[in-house]
Q: 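Submitted below is the structure of interest, expressed as structure tokens.
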Number of protein chains: 2
Amino acid sequence: MKEGPDIAHVANLIGEPARANILSALMTGKALTASELAQEAGISLQTASSHLSKLEVGGLIAPRKQGRHKYFSLSSDDVAHVLEALMGLAARTGHLRTRTGPRDAALREARVCYNHLAGEMGTRLFDTLLERKLLSQQGSDLHLTQSGTRFVTDFGVDLVSLRDHKAPLCKECLDWSERRSHLAGSLGRAFLTRIETLGWAKRDRKTRIVSFTRQGRSSFERLLED
Amino acid sequence: MKEGPDIAHVANLIGEPARANILSALMTGKALTASELAQEAGISLQTASSHLSKLEVGGLIAPRKQGRHKYFSLSSDDVAHVLEALMGLAARTGHLRTRTGPRDAALREARVCYNHLAGEMGTRLFDTLLERKLLSQQGSDLHLTQSGTRFVTDFGVDLVSLRDHKAPLCKECLDWSERRSHLAGSLGRAFLTRIETLGWAKRDRKTRIVSFTRQGRSSFERLLED
DNA sequence: CGAATGCTTCGATTATGATCGAACTATGAA
DNA sequence: TTCATAGTTCGATCATAATCGAAGCATTCG
């Protein structure tokens, strides 16, 4: 009864609606200010401040001061992973907050999961990388193969600067709508950034939706089939 | 702000200490009665009853009546997966309830994660299955290969009866102490059962610890190296 | 400097829900 | 039938924490 990590504390942090909204908003991967998060969660600035400090002490979010603004973001991919897992469970146990609508369909097709691509497009990318042996999976470790390195570089991602970081290059993240993995880690992030840079898709500012242009979509298809 | 699944509700269910204790107790995979769970969580029977009904309505646990007893168990592997993910996050953000001790070491070595083997022994099994190509991983789908089928059958697992179920045969589950995957799904369950049947290891009744005998440990090693 | 903006702290209010005693129902045993 | 055990329901109590107004810092801008 008293062994192991204290899951109640962490779950309790997530379990308050206002805080859950804050965390969900941060799943877009963007750093947001206290005021923005307050608005997002539908609470006053004072209340938000209190919640934010709890989340910070709890290690779920990390602040960054910039002038008189204070930006918050999720403190690690782990947090995003737990949130996605919770969304999956909540969806499967039928605890949806709204009826499924067109917006929901868009979310399922392509969305942001803490800076990397999730949804159907995300899992397809991940699966293709494995099928074409651009990515190799040993146990739960993921590595770029030689051809994978070439592929990624050709796509325009600067691997050299990525490898500098301590953070793992490739990680997998379980997708709540697809029940499959998509690519996380710094490479996952770089992929999404590159897709945006190429103008293939745009992130919606308010939601987690990633909307591909028609051209972008077919370019993406070609990339996968190449 | 209102799209997507209601994670706050689910997280809130887990976020109450008494309920977290109940769920943790059920991570052993054993079905427990209301009274047992009350004792496990250190609360009265009335209080436990209230919590259990909330967890049941929330879809996290499933009851089974047997005479005048009511047995509860986790309602799915998904729930166990979320709990493990939470434990990982809690452990990494430093929210341990107790100092690490010998019991903790035993837990890290081998423990039960909702009826399948977790901890170091669990992840080693999983990795070996992949290395020796007994298990193949395509995207996030896992399949037994032909040689894998032979391997498992030789080990004494009755695959035929397992395949009958609708539930997926192989699944992966992220381990909180190892940060790697171990084998879940009905095959994972069968593996642990078989290990127990062979007398290689015993589950502790009260904790999640799986303690291997000396002989069992070396048999296990041999199985992996074979 | 003073004014404005972003955020935090304090304090009072309020709502929620965890808790358990007591009474009640259901199953099983004598 | 009567008694015992397992579990639920009801009701009262109590503690916690979410909320926001008001005041207080801190930073930037004019």
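In what follows, chains are A, B, ... by sequence order, proteins preceding strands, each numbered from 1.
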Q: Taking atom P of C:dT9 as reference, at what distance in whole Å does atom NZ of A:Lys54 sit?
A: 12 Å
Q: Could you tell me the separation between the NE2 atom of A:His69 and the P atom of D:dT27, rounded to a whole number of Å?
A: 13 Å
Q: Quick check for you: among C:dC20, D:dT5, C:dT9, whose closest atom lies nearest to any side-chain atom of B:Thr47?
A: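 Looking only at side-chain atoms, B:Thr47 lies closest to C:dC20.
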Q: Using whole Å, what does the distance between atom C1' of nucleotide D:dT16 and atom NE2 of A:His9 come to?
A: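 Checked: the NE2 to C1' distance equals 14 Å.
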Q: Verify the contact: side-chain N or O of B:Arg68 to OP1 or OP2 of C:dA29, cut-off strictly under 4.0 Å; return yes or no.
A: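 So the side-chain polar atoms of B:Arg68 never come under 4.0 Å of the phosphate oxygens OP1 or OP2 of C:dA29.
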Q: Atom CG of B:Asn21 and atom P of C:dA18: how far apart are they, to the nearest Å?
A: 14 Å
Q: From the list C:dA18, C:dC7, D:dT19, which nucleotide is the closest neighbour of the side chain of A:Ala18?
A: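 Looking only at heavy atoms from C-beta outward on A:Ala18, the closest nucleotide is D:dT19.
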Q: Could you state the atom-to-atom distance from CG of B:Leu45 to C1' of C:dA18 in whole Å?
A: 15 Å
Q: Taking the side chain of B:Arg19 as its heavy atoms from C-beta onward, which of C:dA18, C:dT19, D:dT19 lies nearest to it?
A: C:dA18
Q: Under 4.0 Å, counting only non-hydrogen atoms across every strand here, what does B:Thr33 touch: a base, just sugar-phosphate, or nothing?
A: sugar-phosphate
Q: Given side chain to side chain donor-acceptor pair (under 3.5 Å), test A:His51 with A:Arg19 step by step and report yes or no.
A: CA-CA 6 Å; A:His51 285 310; A:Arg19 286 194 293 259; 3.1 Å; yes
Q: Decide, yes or no, whether a salt bridge links A:Glu109 with A:Arg217 under the criterion of side-chain N to carboxylate O below 4.0 Å.
A: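 The answer is yes: the pair qualifies as a salt bridge.
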Q: Do the two ring centres, one from B:Trp200 and one from B:Phe191, sit under 6.0 Å apart?
A: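 Not under 6.0 Å, so no.
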Q: Starting from P on D:dG7, measure out to CD1 on B:Ile61 and report it in whole angstrom.
A: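 Computing the B:Ile61:CD1 to D:dG7:P distance gives 12 Å.
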Q: Without decimals, in angstroms, what is the distance between B:Glu56 CD and D:dT8 C1'?
A: 12 Å
Q: For A:Ser50 and A:Thr47, does a side-chain donor sit closer than 3.5 Å to a side-chain acceptor?
A: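 No, because no side-chain N or O of A:Ser50 sits under 3.5 Å from a partner of the opposite role on A:Thr47.
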Q: Side chain of B:Ser49 only, heavy atoms from C-beta on: which candidate in D:dT19, C:dT8, D:dT9 is closest?
A: D:dT9
Q: Describe the nucleic acid contact of A:Lys65 in one word from base, sugar-phosphate, nothing, applying a heavy-atom distance below 4.0 Å.
A: nothing
Q: Consider the side chain of A:His51, meaning its heavy atoms from C-beta on, and name the nucleotide among D:dT19, C:dT5, D:dG7 that approaches it most closely.
A: D:dT19
Q: Any ion pair linking B:Glu196 and B:Arg203 (charged N to carboxylate O, less than 4.0 Å)?
A: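 Salt bridge present between B:Arg203 and B:Glu196.
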Q: For A:Ser50 and for B:Ser50, locate the closest nucleotide of DNA chain D by heavy-atom distance; then report the residue assigned to the nucleotide nearer the 5' terminus.
A: B:Ser50
Q: Starting from P on D:dT5, measure out to CD on B:Gln46 and report it in whole angstrom.
A: 16 Å
Q: Reading DNA chain C from 5' onward, which residue's closest nucleotide shows up sooner: A:Leu52 or B:Ser44?
A: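 Counting from the 5' end, the first nearest nucleotide belongs to A:Leu52.
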Q: On the nucleotide C:dA26, are OP1 or OP2 found under 4.0 Å from the side-chain N or O atoms that B:Lys70 carries?
A: no
